[in-house]
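Each chain gets a letter, A, B and so on, in the order its sequence line appears, and its residues count up from 1.
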Amino acid sequence: MNTEQQLSDWLKSAFVAACGVEASSLSIRVTPATDTKFGDFQCNDAMPLAKLLKKPPRAIAEAVVKALPLPSFIQKLEVAGPGFINVTVSIEWLAEAACALAAAPRFGIPDEGQGKTVIIDYSSPNAAKAMHIGHIRSTVIGNALDRMYRALGYRVIADNHLGDWGTQFGKLIMGYRAFLTDEERANLTVELLERVYVQSHNLTEEDPAWLDSCKAELVKLQQGDAENRAIWQRFITISLEEFNRIYTRLDVSFDLYRGESFYNDILPETISLLQEKGLAVVSEGALVVNLEADGMPVCIVRKSDGGFNYAATDIATVRNRVAEFNPDRVVYVTDDRQQLHFKQFFKICEKIGIATSSRPGATSSLLPSPSSLPLLEHVCFGLMRLPEGTFSTRQGNVIKLDALLDEAVSRALKIVQESNPAMTETEQRELAEAIGLGAIKYADLSHDRQTLIVFTWEKALALDGNSGPYLQYAYARVCSLIDKAAEQGANAGQAAKLRLDTPLEKELALKLLQFPSAVSRAAELYRPNVLADYLYSLSQTYSSFYQQSPVLKSEPEIRDSRLRLCAMVAQALNQGLTLLGIRTPRRI
RNA sequence: AGGCCAGUAGCUCAGUAGGACAGAGCGUUAGAUUCCUAAUCUGAAGGUCGCCGGUUCGAUCCCGGCCUGGCCUACCA
């Protein structure tokens, strides 16, 4: 049983008894106290009620406090200020609740997604180009959502919607034939493809004949020309190999890799559907859906040259996903420049009756969907940029993802070597990998996703303060303690009675109780930083506790109690960091 | 021009059911290691929460207006 829920329920009955209102008309919420000096929990609902009942808020709060005899789990109930109700719970109950949580599966993460399906569309790099640091956010945020939704019991389908079918392939095919040696073609890499693309693209700008050839090759590809198709397939295979190497390194995996090309065959019928429904009309040679009545510009679904664009592909993709997986939600993790595009094609999907989308301004997507149609959600994030401006291939200031990861790992390695000279080199490298990548991921996940990130090496690779390694370090210290206790034969197991004698022990227990709601809130709001913030705060409290409270050197009863508390912290940190995709080495 | 997002400490950022003195990290500064990992901990300094109005018992938060920055606005994705 959720502890805050238990307190809310009881307080609600007290409100009913005190005010004589119907329980169903009351919404009573208990939250963790904003300051430990007020107590453990607080309820602010007497104040809004004052207006309805036309009574002073403080009088209401006082009546509530006196309405019912205190249950055993509440030690003290006080009114403060204009009408805050401060709750102090009994230590025994708190200890019991913490122990129950630790014994629960997945540290109490609710099974709220049972029977529901969510498709998460994330990462989605363009084929034939190396991944750069612009791809890190979608990949890391999407993967964290993926992990959290799975933990909440959802059936998750992680789909990597690769950009594998654009106009760039005509240029690539021409470039591939013209600018590569036989040997290079035999040992094709993404790097070579990138070079060829730039060369070919530049040539299109000076030589119209070249541009025409590129277009012709693209048409041949799209019409299924065997040779072009084979070349294209090679581009894709090589790109995927490269992407997968990075994904493996990042502990990211997908259920599906369905690029745009996957939907190519159903584009014509999708467009026909729009025409049949009278939604698509010809304008300036292109086929467009008029969205003026919805406050948006027209959306082109077929170009004037007859080609299909991304709107067409995205609509077709939704149709396919709905038909094949019957999802409750489809979540797109992309940068916020694409907001208009998503609003447009979401609206079109609504008009053809295959999906709904949350209304702009809706406070929460948690409200049950009014229909049984899948809910489309655009989880957008702020673009990453350099202090001097955006990344651009033309300016040549893109930072390859590999370079970023390597730099992070090498910085971590330096510190690892200093502090763990006894480790083998292999162990050091493995540890540096975990720490370096943890730093990168945490730097991203701990920010609100809408924040525009200005990239600097210093920030992205911070190893102390509010950083990934700080959390990993806290976890390693708990583990070290537990392992030492085991060596000494101390009882770190479930048998010890959990005492919460000091303020920090109590604070730790209270924080632990917040773990499940941190996870479900982070998932519901599509905001991993909610979980990251929680874990940081838990680590901070633990670090203070660790500094001032001896464990192994305390007398057995206290030692065992503290060990048990430490084991719970370890459990929560391990679970939480894993949900963020951050590794948890037992030793640092 | 219209739309979206943002403006919180010197710097980088948390703070979404409106609540008690606005929080971290970095940096600055004073301390802590005979003791379980100092990638740590404890303290100090540092704020008209962009500006003006409104709603409210109460606004960083909600509403309106303005200023500043970024992005988007028909055939790239």
Side-chain angles (χ1 to χ4, degrees), chain A residues 27 29 31 33-35 37-38 42 44 47-48 50-51 56-57 80-84 86 124 126 163 165-168 260 283-288 295-305 307-311 313-314 334-341 343 360 363-364 380 382-383 385 389-390 412 415-416 418-420 435 439 446-448 450-454 456 458-459 462-467 469-470 472-474 476-485 488 521 525 527 529-530 532-533 536-537 540 543-554 559 562 566 587-588:
Chain A
S27 155
R29 208 165 77 106
T31 54
T34 52
D35 193 313
K37 77 181 178 206
F38 299 134
Q42 67 183 51
N44 303 340
M47 291 172 281
K51 207 176 307 171
F84 298 104
N86 289 331
S124 311
N126 283 327
W165 199 246
T167 47
Q168 71 268 34
E260 290 157 4
S283 165
E284 295 176 30
L287 194 66
V288 306
M296 287 181 274
V298 296
C299 178
I300 293 179
V301 293
R302 197 182 62 206
K303 299 186 281 184
S304 49
D305 67 3
F308 300 107
N309 64 354
Y310 58 116
T313 310
D314 279 335
T334 81
D335 73 71
D336 57 17
R337 287 176 309 179
Q338 301 188 42
Q339 279 187 90
L340 177 59
H341 162 63
K343 267 166 77 178
T363 47
S364 167
C380 60
L383 208 61
R385 54 177 50 247
T390 44
I415 300 176
V416 168
E418 280 166 25
S419 53
N420 300 324
I435 293 170
S446 60
H447 287 94
D448 181 277
Q450 303 219 22
T451 303
L452 187 148
I453 291 189
V454 176
T456 62
E458 193 192 25
K459 261 196 302 172
L463 301 176
D464 49 37
N466 187 353
S467 70
Y470 177 93
Q472 291 172 315
Y473 184 66
R477 288 206 294 185
V478 201
C479 290
S480 168
L481 204 51
I482 292 166
D483 292 346
K484 278 232 163 75
Q488 295 173 11
R521 238 176 82 78
L525 299 170
R527 286 180 41 186
N529 77 307
V530 169
D533 286 350
Y536 176 61
S537 151
Q540 268 186 317
S543 293
S544 300
F545 162 81
Y546 180 88
Q547 204 76 23
Q548 73 162 58
S549 317
V551 175
L552 298 180
K553 295 196 166 72
S554 301
R559 178 196 62 193
R562 288 183 176 168
C566 286
R587 218 159 288 281
I588 281 186

Using a heavy-atom cut-off of 4.0 Å across all strands, would you classify [X] as base, sugar-phosphate, or nothing?
X        : value
A/Gln472 : nothing
A/Ser304 : base
A/Asp35  : base
A/Met47  : base
A/Ala80  : base
A/Leu452 : sugar-phosphate
A/Gln548 : nothing
A/Asn420 : nothing
A/Ile588 : base
A/Pro550 : base
A/Glu458 : nothing

Across all strands shown, which nucleotide pairs with [N] by Watson-Crick or G-U wobble geometry, both distances under 3.5 Å?
N     : value
B/U37 : none
B/C61 : none
B/U29 : B/G43

Do we see A/Tyr536 stacking on the base of B/A24, given a limit of 5.5 Å between centres and 30° between planes?
-> no
Report yes if a side-chain nitrogen or oxygen of A/Ser544 is closer than 4.0 Å to either non-bridging phosphate oxygen (OP1 or OP2) of B/U40; otherwise report no.
-> no
Has the side chain of A/Asp448 got a donor or acceptor atom sitting under 3.5 Å from an opposite partner on the base of B/C13?
-> no
